[in-house]
Amino acid sequence: MPELFGPIKRMRVAEELAAQIKQSIYNGTLKPGDKLPSERALAKRCSTSRVSVREAFRILEKEGLLLIKRGVEGGAFIIEVNNKTVEDSLGVFYRYGDVSFHHISETRLIIEPEIARLAAANRTAEDLEKIEDVIEHGQRLIDQGVYDVDAQLRFHYILAQTSRNPVLIAILNSVISYLEKNVPLLNPNPNIQKHVKDQQAHQKIFNAIECGDEEAAFRQMKEHILTFGLISAVNQEVRNGKRKGR
């Protein structure tokens with residue numbers, strides 16, 4: 001049998017340095033806005049080369065922890081990691097990764113019913129007022145015959161905020177950004193009746209959240225996402241078929 005494993009090599013210097021800097025960020029020694037020593041100074045302090053320091057900086061920059069500025073006022077600065085950082089990274093993945101609308105629909109089906117459940121459990125009077133305002137705004141647009149995807153997606157964004165779960169908020173915000181860009185492409189000939197159905201579904205979900213009925217909120221949101229995902233998937237398959245037939 002061939003030898004599958006060999007001696008374990010020591011971690012590369014750049015990766016080790018990047019790990020040390022990350023640990024300093026995690027324990028609060030380094031804070032957002034802090035400027036790291038120059039490549040030369042850090043290389044001397046760590047008894048390594050500037051090439052290794054530069055590579056460590058690139059690792060941290062790629063992970064969204066470091067901002068490299070050029071020029072006289074430049075340097076390597078610690079970035080504040082928040083929802084926006086995560087959303088931007090996921091947005092890049094959605095755009096350049098092998099991600100389809102079906103994958104997005106599956107993700108929504110997994111997280112949005114739970115978001116609705118949490119919203120029913122955690123909602124405040126202020127939250128309910130915001131949700132109701134969004135629904136009323138959507139209805140006004142429908143009454144005017146206006147098809148506005150952003151107005152409908154705003155409902156889902158507010159529900160995520162009401163869940164009080166920062167991880168779910170970050171994921172859903174990135175999904176909403178994807179939908180804002182792609183739904184018009186998936187449905188180039190919008191029908192106002194689609195918005196009417198969305199509006200009716202949103203009202204049912206809101207009613208459950210207002211009553212604090214977690215199970216009903218979960219159930220109504222699941223039904224809503226299933227309907228939306230199915231319609232969009234069918235539309236996409238039809239268009240793909242047309243492209244193949246050309």
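Hydrogens, waters and symmetry mates are skipped; everything else that's a heavy atom, side chains included, is used.
The pair E114-R117 counts as a salt bridge, with a side-chain nitrogen and a carboxylate oxygen less than 4.0 angstrom apart. The pair K22-E63 counts as a salt bridge, with a side-chain nitrogen and a carboxylate oxygen less than 4.0 angstrom apart. Classification of D150 and R154 as a salt-bridged pair fails, no side-chain N sitting under 4.0 Å from a carboxylate O. Look at E55 and R58 and you find no salt bridge, because none of the NZ, NE, NH1 or NH2 atoms lies under 4.0 Å from a carboxylate O. Using a cut-off of 4.0 Å between Lys/Arg side-chain N and Asp/Glu carboxylate O, D213 and R219 are scored as not salt-bridged. Between K222 and E112 no salt bridge is recorded (no basic side-chain N to carboxylate O distance below 4.0 Å).
Of the possible polar contacts, none joining the S47 side chain to the A43 backbone as a donor-acceptor pair under 3.5 Å is found. Side chain of H156 to backbone of L153: no donor-acceptor contact under 3.5 angstrom is found. Formation of a donor-acceptor pair under 3.5 Å by the Q199 side chain with backbone atoms of I135 is found in this model. Put simply, the side chain of D133 never gets that close to the backbone of K130: no donor and acceptor are under 3.5 Å apart. Formation of a donor-acceptor pair under 3.5 Å by the T162 side chain with backbone atoms of I158 is found in this model. The closest donor-acceptor contact from the side chain of N122 to the backbone of S163 lies under 3.5 Å. The backbone N or O of G74 lies less than 3.5 Å from a partner atom in the side chain of K35, making a donor-acceptor pair.
Looking at every heavy atom in both residues, I78 comes nearest to K31 through CB-O, 3.4 Å. The two residues P166 and R164 have their closest heavy-atom pair at CD-O, 3.5 Å. Nearest heavy atoms, D34 versus T29: OD2-O, 4.1 Å. Annotation for G33 and F77: closest pair O-CD2, 3.7 Å, computed over non-hydrogen atoms. The shortest heavy-atom contact between I68 and A76 is CD1-CB, 3.8 Å. A217 and A208 make their closest contact through N-CB, 3.5 Å (heavy atoms, listed as atom of the first residue, atom of the second, distance).
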Check against side chain to side chain contact (heavy atoms under 4.5 Å, CB included), I104 and Y94: CA-CA 9 Å; I104 295 296; Y94 297 157; 4.3 Å; yes

Starting from the C-alpha separation in whole Å, work towards a yes-or-no answer on salt bridge (Lys or Arg N to Asp or Glu O under 4.0 Å) for E223 and K204. CA-CA 11 Å; E223 182 179 333; K204 290 179 182 178; 5.2 Å; no

Which is it for C46 and V53 under the side chain to side chain contact (heavy atoms under 4.5 Å, CB included) test, yes or no, and what are the steps along the way? CA-CA 9 Å; C46 298; V53 173; 5.9 Å; no

Steps toward side chain to side chain contact (heavy atoms under 4.5 Å, CB included) verdict (K194, D198): CA-CA 6 Å; K194 170 65 174 60; D198 282 346; 2.7 Å; yes

Run the numbers on V149 and L179 for side chain to side chain contact (heavy atoms under 4.5 Å, CB included), then give the verdict. CA-CA 9 Å; V149 172; L179 292 173; 5.9 Å; no

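Linking Ile, Leu, Val, Met, Phe, Trp and Tyr residues whenever their side-chain heavy atoms come within less than 4.5 Å leaves I79 and L90 in two separate clusters. In this structure, V175 is not a member of the same hydrophobic cluster as I169, with clusters built from ILVMFWY side-chain heavy atoms closer than 4.5 Å. Linking Ile, Leu, Val, Met, Phe, Trp and Tyr whenever their side-chain heavy atoms come within less than 4.5 Å leaves I25 and L67 in two separate clusters. A continuous path of Ile, Leu, Val, Met, Phe, Trp and Tyr side chains, each step under 4.5 Å between heavy atoms, connects Y157 with I110, placing both in one hydrophobic cluster. No continuous path of hydrophobic side-chain contacts links L141 to I131 [ILVMFWY only; heavy atoms under 4.5 Å].
The OG atom of S49 sits 15.5 Å away from atom NZ of K44, with the distance rounded to the nearest 0.5 Å. To the nearest 0.5 Å, atoms CD (E106) and CD1 (I225) are separated by 13.0 Å. To the nearest 0.5 Å, atoms CG (N173) and CD (Q161) are separated by 6.0 Å. In this structure, CG on L60 lies 6.0 Å from CG on L65, to the nearest 0.5 angstrom. In this structure, CD on Q20 lies 9.0 Å from CG on L42, to the nearest 0.5 angstrom. In this structure, the separation between CD1 on I59 and CD1 on I21 is 9.5 Å, given to the nearest 0.5 Å.
Within a 6.0 Å radius of CD in E136, more than 12 heavy atoms belonging to other residues, nucleotides or ligands are found. The environment of R50 atom CZ is dense: over 12 non-hydrogen atoms of other residues, nucleotides or ligands sit within 6.0 angstrom.
Inspection of the S100 and H103 side chains reveals an N or O donor paired with an N or O acceptor under 3.5 Å. A donor-acceptor contact closer than 3.5 angstrom is absent between the side chains of Q220 and H224. For the 3.5 Å distance criterion, the side chains of Q152 and D148 fail to qualify, holding no donor opposite an acceptor. S177 and S174 form no side-chain donor-acceptor contact under 3.5 Å, judged by distance and modelled atom types alone.
No side-chain heavy atom of L128 sits under 4.5 Å from any side-chain heavy atom of E132. In this structure, the side chains of E214 and I209 stay at 4.5 Å or more apart for every pair of heavy atoms. For the pair L17/F57, no side-chain contact is recorded, criterion being any heavy-atom separation below 4.5 Å from C-beta on.
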